[in-house]
Protein chains: 2
Amino acid sequence: MTETAPRPTLEAVAARAGVSRATVSRVVNGGDGVREPLVERVRRAVEELGYVPNQAARSLVTKRHDAVAVVIAEPETRVFADPFFALQLRGISKELTAHDSQLVLLLTEGRADHARVGRYLAGGHVDGALVFSLHLDDPLPELVQRAGVPTVFGGRPGWGDGTGSAVYVDSDNRGGAREAVRHLVGLGRRRIAHITGALDQTSAVDRLDGFRDVMVDADPGLVVEGDFTPAGGERAMRELLGRCPDLDAVFAANDLSASGALRVLRDEGRRVPDDVAVIGFDDMLPVAEQTDPPLTTVRQDIEEMGRLMARLLLRGLDRRAEDPGVGGVPSSVVLPTTLVRRASA
Amino acid sequence: MTETAPRPTLEAVAARAGVSRATVSRVVNGGDGVREPLVERVRRAVEELGYVPNQAARSLVTKRHDAVAVVIAEPETRVFADPFFALQLRGISKELTAHDSQLVLLLTEGRADHARVGRYLAGGHVDGALVFSLHLDDPLPELVQRAGVPTVFGGRPGWGDGTGSAVYVDSDNRGGAREAVRHLVGLGRRRIAHITGALDQTSAVDRLDGFRDVMVDADPGLVVEGDFTPAGGERAMRELLGRCPDLDAVFAANDLSASGALRVLRDEGRRVPDDVAVIGFDDMLPVAEQTDPPLTTVRQDIEEMGRLMARLLLRGLDRRAEDPGVGGVPSSVVLPTTLVRRASA
DNA sequence: TTGAAAGCGCTAACAT
DNA sequence: ATGTTAGCGCTTTCAA
């Protein structure tokens with residue numbers, strides 16, 4: 001905790017360089033329309049004084065903040081069980097940094113916080129928002145829309161009212177699930193089960209849909225609801241084994257639940273993949289590579305999703321800045337997934 | 001991406017309530033010294049207009065930002081392998097929220113980013129910083145000190161030059177390690193090995209020191225360097241088994257490496273804990289509870305560390321605000337750990 | 001091309 | 001107790 005020295009102002013730099021504040025301002029903001037020798041003088045003065053623009057003063061006049069809010073609804077989050085968010089954050093951070101924008105992180109803890117977030121977003125502190133709202137009934141999307149802040153969602157938002165036009169970035173959950181199940185079919189498996197994710201999240205629903213796309217008339221008993229956790233995977237696997245002892249493959253909605261399933265299969269003496277093939281989803285390395293056997297899974301590029309969200313948002317902001325009229329509304333993006341073959345299927 | 005409506009200003013609220021801007025300002029900032037009926041009128045006007053203060057304008061005059069930077073050096077991070085960091089963030093976020101402060105997240109990717117972070121911190125955009133710098137030779141601590149921003153570190157910073165006086169929050173790594181090893185000794189184990197963490201991090205060094213505190217004249221061959229990863233744990237365990245086939249206990253520097261060690265022990269046919277007792281560190285639930293057998297480990301309260309970091313920083317800021325002279329410099333805090341007994345030791 | 005000057009929206013003396 | 005007023009540091013017309 002050190003003492004904060006008073007920072008030099010534009011004024012100081014101007015004095016030192018022997019020019020006007022306006023000129024310094026121009027140089028600091030790119031230097032267009034200022035003759036080279038002056039630019040040089042100003043640059044030096046900036047350097048010598050260690051001048052850094054006061055963002056507050058700047059925002060006050062430009063109405064830009066060069067900051068983006070990232071809203072993550074915690075209540076439910078896998079946030080603390082897997083690196084999903086850390087990766088998204090990394091992607092987002094990289095992109096924002098390249099754009100000289102700051103990342104303001106808003107973690108919410110239940111409904112009380114929603115009001116706070118709404119107020120913050122409506123307060124015009126940031127240029128836009130990236131919102132992770134994975135739940136079907138999440139009030140966040142609507143709230144954000146009402147706040148009137150340009151927003152991009154992470155994952156397809158639930159089918160709330162006003163969110164029909166929401167811009168989002170998502171993985172091709174349905175397509176990825178299809179590919180996984182087709183792979184199992186290609187392996188000659190016939191009794192293919194599915195352990196779903198938490199079905200109040202669109203990703204889980206989409207993966208289930210993908211499973212059904214391929215297994216059009218599957219025995220309903222072969223689908224058991226999980227919750228994206230290892231424990232849920234174990235429970236589901238046990239139930240499946242009880243119901244359909246003859247199953248020969250399992251597609252789990254994510255790697256974590258697949259790891260739980262694997263454990264149960266081993267306990268029950270089923271060999272993987274010989275007796276039962278298993279596929280997960282995510283390609284969460286610390287899990288997928290460490291299971292026994294290593295997990296075949298559907299990879300989604302999580303960091304890229306983050307990067308893309310930021311890019312979409314920033315692009316929209318830029319467009320809007322150039323042409324405040326209509327405002328460029330980018331459209332949603334669905335990223336492809338890839339099947340990663342390891343030993344489990 | 002919706003259209004941003006122009007926000008009402010203090011002026012507008014004042015007009016509507018039929019008072020001066022100053023009065024509105026007073027009400028908005030707590031309402032001291034304003035008579036009740038007026039307060040009421042202003043409140044209503046604020047409500048009706050949906051007024052939210054412009055933070056930029058406010059900062060410009062108060063020189064406060066109600067924002068704190070959280071700096072996380074990525075290069076090295078376990079960030080993406082475990083929920084460590086998500087938990088700290090949660091703790092930090094809670095505390096900041098309670099204090100009406102925003103969290104600006106700065107993720108750094110190598111040296112190039114250091115300059116950026118330095119500039120940002122020096123730029124006076126935030127009231128203070130929380131810095132995670134786990135590496136011994138990390139330039140970040142010094143950089144931050146130079147920026148002159150009040151800072152609290154997460155984890156004891158490496159022994160860099162200027163950082164002697166740094167304020168930090170850490171777990172009692174050494175004490176926790178001692179407790180773990182003593183527990184093993186209490187179990188009657190005599191050939192106790194240690195798989196270290198990445199020794200360029202103070203936490204790993206401290207845990208190793210704790211191990212040595214108890215095993216004063218341990219066979220040096222019983223200490224192998226790991227890197228906090230499962231793969232590192234496997235490698236180290238194999239080496240230990242080669243060197244000292246008669247070992248009867250292992251203290252791993254974290255749960256992840258313990259999980260790797262467990263896998264190797266199982267592969268080698270050693271029963272845990274009968275033949276070899278194993279203890280980890282962290283009590284990282286998704287790992288510690290899922291290993292086979294469940295892991296006995298040293299728990300650190302990660303979320304609390306985050307909360308405490310924020311609290312320390314904010315307290316320092318408040319003190320400094322009241323008495324700009326000396327500025328209250330809080331001192332570092334070392335949080336106790338607790339041994340969590342499960343099945344592995 | 002450069003400078004002068006008018007605010008951006010707010011808080012904090014200072015007056016009343 | 002309330003209002004008046006002078007900036008905070010910057011960008012941005014507008015003139016020169």
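Computed from a prediction, not measured in an experiment: that's the story for all the values here.
Comment: A/E304 engages A/R307 in a salt bridge, judged by a side-chain N to carboxylate O separation of less than 4.0 angstrom. Under the 4.0 Å criterion applied to side-chain N and carboxylate O atoms, A/R146 and A/E142 are assigned as salt-bridge partners.
A search for side chain to side chain contact (heavy atoms under 4.5 Å, CB included) contacts involving A/V52 returns A/R7, not counting sequence neighbours.
For the pair A/H65 (side chain) and A/G124 (backbone), a donor-acceptor distance under 3.5 Å is present. The backbone N or O of A/Y168 sits less than 3.5 Å from a side-chain atom of A/S332, completing a donor-acceptor pair. No donor-acceptor distance shorter than 3.5 angstrom exists from the side chain of A/D127 to the backbone of A/R64, with no hydrogens or angles considered. Between the side chain of A/S25 and the main chain of A/R21, no donor-acceptor pair closer than 3.5 Å is present.
The side chain of B/T62 has C/dA12 as its nearest neighbour among C/dG9, C/dA12, D/dC10. Out of C/dT11, C/dG7, D/dG3, the shortest distance to the side chain of B/V19 is found at D/dG3. Of the candidate nucleotides D/dT4, C/dG3, D/dC10, D/dC10 has the atom lying nearest to any side-chain atom of A/R58. Minimum atom distance to the side chain of B/Y51 is reached by C/dC10, of the listed C/dA12, D/dC10, C/dC10.
OP1 or OP2 of C/dT11 sits under 4.0 Å from a side-chain N or O of B/S25. The side chain of B/K63 contributes no N or O atom lying less than 4.0 Å from OP1 or OP2 of C/dT11. Phosphate contact (OP1/OP2 of D/dG3, side-chain N/O of B/S20, threshold under 4.0 Å): present.
The distance between atom CG of B/L10 and atom P of D/dA6, rounded to the nearest whole Å, is 18 Å. The distance from atom CG of A/L60 to atom P of C/dC10 is 9 Å, rounded to the nearest whole Å. As a whole-Å value, the separation of A/E11 CD from C/dA5 C1' is 13 Å. If you measure from atom CZ of A/R64 to atom P of D/dT12, you get 11 Å, rounded to the nearest angstrom.
Taking every heavy atom of both residues into account, A/A129 and A/L313 meet most closely at N-CD2, 3.7 Å. Heavy atoms only, all atoms of each residue included: B/F153 and B/M309 are closest at C-CE, 3.6 Å.
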For nucleotides 14-16 of chain D, list the nitrogen or oxygen atoms of the protein found under 3.5 Å from its nitrogen or oxygen atoms, one pair per line.
none

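The stretch residues 27-48 of chain B touches DNA chain D through B/G33, B/V34, B/R35, B/L38, each having a heavy atom under 4.0 angstrom from the strand.
In terms of position along DNA chain D, the nucleotide closest to B/R21 lies nearer the 5' end than the nucleotide closest to the other residue of the pair B/R21 and A/T23.
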